[in-house]
Q: 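Sharing a structure below in structure tokens format, with a few things to ask.
The chains referred to below are lettered A, B, ... by the order of the sequence lines, with proteins before strands, and numbering in each begins at 1.
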2 protein chains.
Amino acid sequence: MASQSKVRYDSYIQENQLKSSKRRDLIFEHILQIQGHFTVDNIYQEISKIDRGIGIATIYRTVKLLVASGVLTEQTFGEKKGWFEIADQKLEHHDHMICTSCGKIIEFHNKVIESNTYQIAKTHRFIIYSHKLEIFGLCNTCQKQ
Amino acid sequence: MASQSKVRYDSYIQENQLKSSKRRDLIFEHILQIQGHFTVDNIYQEISKIDRGIGIATIYRTVKLLVASGVLTEQTFGEKKGWFEIADQKLEHHDHMICTSCGKIIEFHNKVIESNTYQIAKTHRFIIYSHKLEIFGLCNTCQKQ
DNA sequence: TTTAATTTTGATAATAATTATCATTATTAA
DNA sequence: TTAATAATGATAATTATTATCAAAATTAAA
């Protein structure tokens, strides 16, 4: 259900006494359809086709709002720009394997890594807000070429 | 021993038929003294005090060379700029816990996480070049405030 | 040790991603 | 319908980084 994102989006707007707007709603709806990871520019290119006059600043503002409201999470994947994706719908966290040759991103989840991550934080009396494991290397397809 | 870095530095220069230079050597020697993580600007500020006329472009170039030669590794720590540190001298990889309040970086190593990382890559027939686990949150000191 | 080829350098322009500014437009509650 | 305030697009500003280029430094050869 996409409704978890919707609740987060609506609540955030309500709780911060923001006003609604057609363009922000359009961006939100569009992002919900996206599978996988994307950049601000990706969305800007796509939405520009539908809504001719939209400015990139609005995309930046909306994506920032969606991160603040918990709808999206941001990563850098070692690059110096933001990559976004829909926040985990379930409670299960996932990590990423990034192919440095073709850019493919493979998601995975590992319970052992997960529990050890929490364990090590506890040892250091560290409160976890978020965590990410990134593996860079060659995917199976690229190895063959 | 700092000699592992020295070997890497010298070999890289030799193998790429580069010329030696006083300023590059100065930056290299200076970086070897640094404990922990730093940015290009950190080094630029410090070296400027010793060598008045050095340009920031030379720092960028040298740091890039040091990464290419394996003396340094680069991370982003979720920010959109590069953070550097001396590459692991031992074979043991380490990860980072970053306090989002004070910026403190705690290093740690966990064998179970490590082996599971390699295991999951194997499952996906993925060849690992590098990997990094970052934990963001509140350090013990900041929790008390 | 002069020369010639090549690399390194600093200054600065260019680029990329993002944020800030500001006048105009849209939304909403009264 | 209006008054207050938020949202928007255009664009300037900012930050981190890379590219360009003429001058200086280095090195190998004569």
Q: Return the value, rounded to whole Å, for the distance between atom CD1 of B:I43 and atom P of D:dT17.
A: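 After rounding, the gap between these two atoms is 11 Å.
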Q: Write down the distance between CD1 (A:I59) and C1' (C:dT19), rounded to a whole number of angstrom.
A: 15 Å
Q: Any carboxylate oxygen within less than 4.0 angstrom of a Lys/Arg side-chain nitrogen, looking at A:E15 and A:R8?
A: no
Q: Check the phosphate of D:dT17 against B:K81, side-chain N and O only, distance under 4.0 Å to OP1 or OP2. Yes or no?
A: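 No, no such contact exists.
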Q: Once you round it to whole Å, what is the distance between C1' of D:dA7 and CG of A:L26?
A: 14 Å
Q: How many whole angstroms separate atom CG of B:L65 from atom C1' of C:dT9?
A: 14 Å
Q: What I want to find out is whether A:E114 reaches A:K132 closely enough, with some N-O distance under 4.0 Å, to be called a salt bridge.
A: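 Judged by the 4.0 Å cut-off on N to carboxylate O distance, A:E114 and A:K132 do not form a salt bridge.
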Q: Contact list please: residues 45-56 of chain A against DNA chain D, heavy atoms, distance less than 4.0 Å, in numerical order.
A: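 Nucleic-acid contacts, sorted: A:G53, A:I54, A:G55.
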Q: In whole Å, what is the span from the OH atom of A:Y44 to the P atom of D:dT11?
A: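 The distance from OH of A:Y44 to P of D:dT11 comes to 11 Å, rounded to the nearest Å.
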Q: Test your reading of the model: is there a side-chain donor-acceptor pair from B:H109 to the backbone of B:H93, 3.5 Å cut-off?
A: yes
Q: OP1 or OP2 of C:dT18 versus the side-chain N and O atoms of A:Y60: is any pair under 4.0 Å?
A: yes
Q: A:H124 vs B:F108 aromatic rings, parallel, tilted or perpendicular, using cut-offs 30° and 60°?
A: tilted
Q: At under 4.0 Å between heavy atoms, how does the protein contact nucleotides 20-30 of chain D? Give one character per nucleotide, 5' to 3', with B, S or -.
A: B-----BS---
Q: Test your reading of the model: is there a side-chain donor-acceptor pair from B:Q143 to the backbone of B:L138, 3.5 Å cut-off?
A: yes
Q: Take atom CD1 of A:I13 and atom C1' of D:dA7, then tell me their distance rounded to the nearest Å.
A: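 Between C1' of D:dA7 and CD1 of A:I13: 11 Å.
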Q: Is the shortest side-chain N/O distance from A:R24 to OP1 or OP2 of D:dA7 below 4.0 Å?
A: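 For D:dA7, OP1/OP2 do have a side-chain N/O of A:R24 under 4.0 Å.
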Q: Is the backbone of B:I47 close enough, under 3.5 Å, to the side chain of B:D51 for a donor and an acceptor to pair up by distance?
A: no
Q: Please confirm whether the backbone N or O of B:N42 pairs with a side-chain atom of B:T39, one donor and one acceptor, at under 3.5 Å?
A: yes
Q: Expressed in angstrom and rounded to an integer, what is the separation of A:L66 atom CG from D:dA7 atom P?
A: 13 Å
Q: Check whether any side-chain N or O of B:N116 sits under 3.5 Å from a backbone N or O of B:V112 as a donor-acceptor pair, and report yes or no.
A: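 A pair under 3.5 Å: yes.
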Q: Rounded to whole Å, how long is the line connecting atom NZ of B:K64 with atom C1' of D:dA16?
A: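 One finds 12 Å between C1' of D:dA16 and NZ of B:K64, rounded.
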Q: Could you tell me whether the side chain of A:T62 and the main chain of A:I59 form a donor-acceptor pair under 3.5 Å?
A: no
